[in-house]
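Below is one structure; the comments refer to it alone.
Throughout, protein chains are lettered first and strands after them, A, B, ... in sequence-line order, and every chain is numbered starting at 1.
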Amino acid sequence: MTTDHADGDDWLAALQRPQRSASPHWFESLLKPFGYAPPGATGAADSAQHSAAAWAQFFELGKALLEQVGSGTAASSPEGFSAALMSWQLQLHSKLSAALGHGPWHAAMQAPLPGLGPLADRTLALQRLQELQARAQQLQAQLFQHLTTSLRKASITFAERAAQAAQNEAHPPTLQGLYDLWIVCAEDAYAACVHGEEYCRVQAALANTANALKAEQRSQVEQFAMLLDLPTRAETNALIQRIGALEAELERVKRQQSAPRPRRRATQGTKVRK
Amino acid sequence: MSRSQFDPAALARELEEFSRRAADLLPALQAAAGQAAIDATPSELVWRDGAITLHRYRAIARPAGAAPLLIVYALVNRPSVMDLEPERSMIRSLLNHGLDVYLIDWGSPDGSDRFRSLDDYLNRYLHGAVQHILDRHGIDALNVLGVCQGGTFSLCYTALHPARIRNLITMVTPVDFKTPEDLLSKWAQGLDVQLMTANGNVSGEFLNATYLALMPFRLTQQKYVALATQQQTPAQLATFMRMERWIFDSPDIPATTFREFTEWFYQQNRLVSGTLSIGGLAVDLAAIRCPLLNIYATKDHIVPPSASLPLQQLVSSEDYEVLAVETGHIGMYVSSRSRQLVPQKIATWLLERI
């Protein structure tokens, strides 16, 4: 009978299974900083060795510091201890940087961080900003590609038509004629490009991304504004709408008052005051 | 291979001449800029609702007897192009024909106007202006000249309040917002307008950039190069500078209005499909029965003829006329061809329908 708590690596495989089905890289990225690599992954052995070496160096450095303190060479004076500690810190920093700068931790840090701790919202907001900026850059590049292609087409058409115009011995092309011809070729090629479905799609996507970026930036600025007790756009909007509603109500009351009142008809039995 | 006839020496001489002219042009343009204030026909402010104002132009000819004419311009750009200078003033030409001309000025919306809607523009401001003119003259109906987006507004208003409009003239007015030639429409289809207007009013600078992007080589290069290659008098340069100022002096559009107009008209084409409703009232173009003159520009790159022409099939007006003017969108307001043709036509058409 097999259980989820079977011996060896079975428990690990059982833990990985649901996570992998939900997000294939989630588990690996979580364990990456610790030198873990999934079975069969390229460079897994290298990563593990690299990480093990880093930890070994860390322990060696710690041992060296303890030996210095224990032998009394560092503890003989506060200055001596401080110098030993600083030297240890420098070595630690240099060793760890060398070990982790190229290792799995460094690679994992390139991926977006999950929102953790009290600043989770800020972290996520910054990530959204970065994603939107990257998306906008991609779309700009695509749009630029479209426009470059249209300019290239315009140049080819212009060269052909200018060459044709140059055959006219009676009226050789003037500079202004050539310039006007270029404008015609450029506008025609541009129009063919910007009327296209793909161009329209990319341009709209870029506009939408730019607007999303602006909204995100505004949201962050508003958070700071609230910290400084400054009015936010949302509060101003609420006031504008409230004033609008009051104006409408005032207008309604004015109309009511200025409308001629229906005369009360005298009915039988009405007493006439004398 | 045949020999080409390029003459490098001649081209170099031409370039040199162009450089000289361009160098001379700059101080002349600078001087013209100082004299390029808009020289408007005198008018009187007769009504206002907040920053929205109604102006009545002073008569300069014997009244011809037609009902007052209200000009309804677009929200984008300013109506001053209708009265830029005495020699290029459509309003002055209409006055010369004895018409009583009013103009509604939508003002300069700011952040506090972001929630202003199409319902506000049509059923509050335009309705208020129309009511003022009707009361002032003691009449039941007036004439309306709707220009560009203002024409679309005028159509909606006439459909909602048909009894108040005696004759309707639409000029470079979009009706079908999804035709193959309509580049603005193609660009608008994928826009998330909700997201866009969540960031507030839509700036005039953005709209200007969009219009320039429709024909960037002509509008940002050739236009200025042509200025240097043609001999210009100081008066012509002053006109050029006035036009420049007008083109780039665009008010912002209130966020709500921009969203409604883009979604309902450009993206959903509700005016044509008959599904438009403003302020809870259905806008049915078939409710328009008054005489209608539709003026369009054959070379219009902003409102292509195909966007204007379907109007005839959508309204119920038996008295319907179309006038095609061989010019572009801006040319409709200021070109010499349009100046000769359009005000004369409007005046004659209105006076035939008193």
Side-chain angles (χ1 to χ4, degrees), chain A residues 147 151 154 162-180 182-191 194-197 199-219 233-234 236-237 239-241 243-245 247-248 251, chain B residues 1-8 10-18 49-50 110-117 120 124 128 180-183 185-200 202 206 210 213-219 221-223 225-226 228-230 255 301:
Chain A
L147 295 173
L151 272 179
Q164 281 172 8
Q167 306 305 317
N168 187 340
E169 291 185 19
H171 300 287
T174 61
L175 193 61
Q176 188 176 344
L178 289 172
Y179 174 73
D180 290 342
W182 161 246
I183 294 292
V184 169
C185 295
E187 285 290 9
D188 286 353
Y190 176 79
V194 299
H195 273 269
E197 208 172 294
Y199 179 91
C200 294
R201 187 193 64 75
V202 175
Q203 182 170 267
L206 178 58
N208 294 341
T209 307
N211 285 322
L213 189 60
K214 197 173 167 188
E216 191 62 50
Q217 286 167 333
R218 194 190 61 202
S219 155
R233 184 74 250 172
T236 313
N237 285 349
L239 283 175
I240 292 169
Q241 285 178 308
I243 290 169
E247 279 178 344
E251 195 58 36
Chain B
M1 194 175 168
S2 57
R3 246 180 92 232
S4 77
Q5 300 296 316
F6 288 117
D7 179 353
L11 294 179
R13 276 196 302 277
E14 204 182 333
L15 185 60
E16 197 178 330
E17 172 65 10
F18 172 78
D49 184 348
D110 60 24
S112 67
D113 299 313
R114 62 176 51 210
F115 299 111
R116 193 185 284 168
S117 63
D120 292 326
R124 177 176 167 182
E181 298 79 13
D182 197 334
L183 185 52
S185 169
K186 286 181 179 174
W187 286 354
Q189 296 309 315
L191 277 185
D192 184 344
V193 194
Q194 191 80 39
L195 178 63
M196 186 177 182
T197 52
N199 289 321
V202 175
F206 169 79
T210 305
L214 295 174
M215 287 201 306
F217 296 92
R218 289 203 172 92
L219 300 178
Q221 295 178 19
Q222 194 182 30
K223 181 175 87 168
V225 171
T229 53
Q230 294 156 9
H301 71 290

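In terms of heavy-atom pairs under 4.5 angstrom with chain A, the leader among B:Arg114, B:Met215, B:Arg13 is B:Arg114. Per-residue counts of heavy-atom pairs under 4.5 Å with chain B were compared for A:Ala204, A:Ala186, A:Ala207; the largest is that of A:Ala186. Contact count versus chain A (heavy atoms, under 4.5 Å) is highest, among B:Val225, B:Leu191, B:Leu183, for B:Leu183. Counting heavy-atom pairs closer than 4.5 Å to chain B, the top-ranked of the candidates A:Ala210, A:Ala215, A:Pro172, A:Ala165 is A:Ala215.
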Check your understanding: Stepwise, does the side-chain contact (heavy atoms from CB on, under 4.5 Å) test hold for A:Gln176 with B:Phe18?
Key -> CA-CA 9 Å; A:Gln176 188 176 344; B:Phe18 172 78; over 6 Å; no

Point to revise | Residues B:Trp187, A:Val194; criterion side-chain contact (heavy atoms from CB on, under 4.5 Å); working and verdict | key: CA-CA 9 Å; B:Trp187 286 354; A:Val194 299; 3.8 Å; yes

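Contacts of B:Pro180 with chain A are made by backbone atoms alone, with heavy-atom separations under 4.5 Å and no side-chain atom involved. Looking at A:Ala205, there are no atoms closer than 4.5 Å to chain B (heavy atoms on both sides), in backbone or side chain. Contact of A:Arg201 with chain B is not made at all, since no heavy-atom distance falls under 4.5 Å. Of the two parts of B:Glu181, only the backbone, made up of N, CA, C and O, holds a non-hydrogen atom closer than 4.5 Å to a non-hydrogen atom of chain A.
A heavy-atom distance below 4.5 Å is found between the side chains of A:Leu178 and B:Phe6. A:Glu251 has its side chain out of reach of B:Asp49: every pair of non-hydrogen atoms, C-beta onward, lies at least 4.5 Å apart.
Taking both residues in full, the closest heavy atoms of A:Asn211 and B:Asn199 are given as O-ND2, 3.1 Å, listed atom of the first, atom of the second, then distance. Smallest separation of non-hydrogen atoms from A:Tyr179 and B:Gln221: OH-CB, 3.4 Å. Listed here is the closest heavy atom pair of A:Ile240 and B:Phe115: CG2-CD1, 3.8 Å. For A:Asn208 against B:Asp192, the heavy-atom pair with the smallest separation is OD1-N, 2.8 Å. Across all their heavy atoms, B:Ala213 and A:Tyr190 have their closest contact at O-OH, 2.5 Å.
A distance of 9.5 Å separates CD in A:Glu187 from CG in B:Leu214, rounded to the nearest 0.5 Å. With rounding to the nearest 0.5 Å, the separation of CG in A:Asp180 from OG1 in B:Thr229 is 7.5 Å. If you take NZ on B:Lys223 and CD1 on A:Ile183, they are separated by 13.0 Å, rounding to the nearest 0.5 Å. One distance of note links CG of A:Leu239 with OG of B:Ser112; it measures 11.5 Å at 0.5 Å rounding. Here CD of B:Glu14 is found 4.5 Å from OG1 of A:Thr174. Values are rounded to the nearest 0.5 Å. Here B:Lys186 contributes atom NZ and A:Glu197 contributes atom CD; the two are 9.5 Å apart, rounded to the nearest 0.5 Å.
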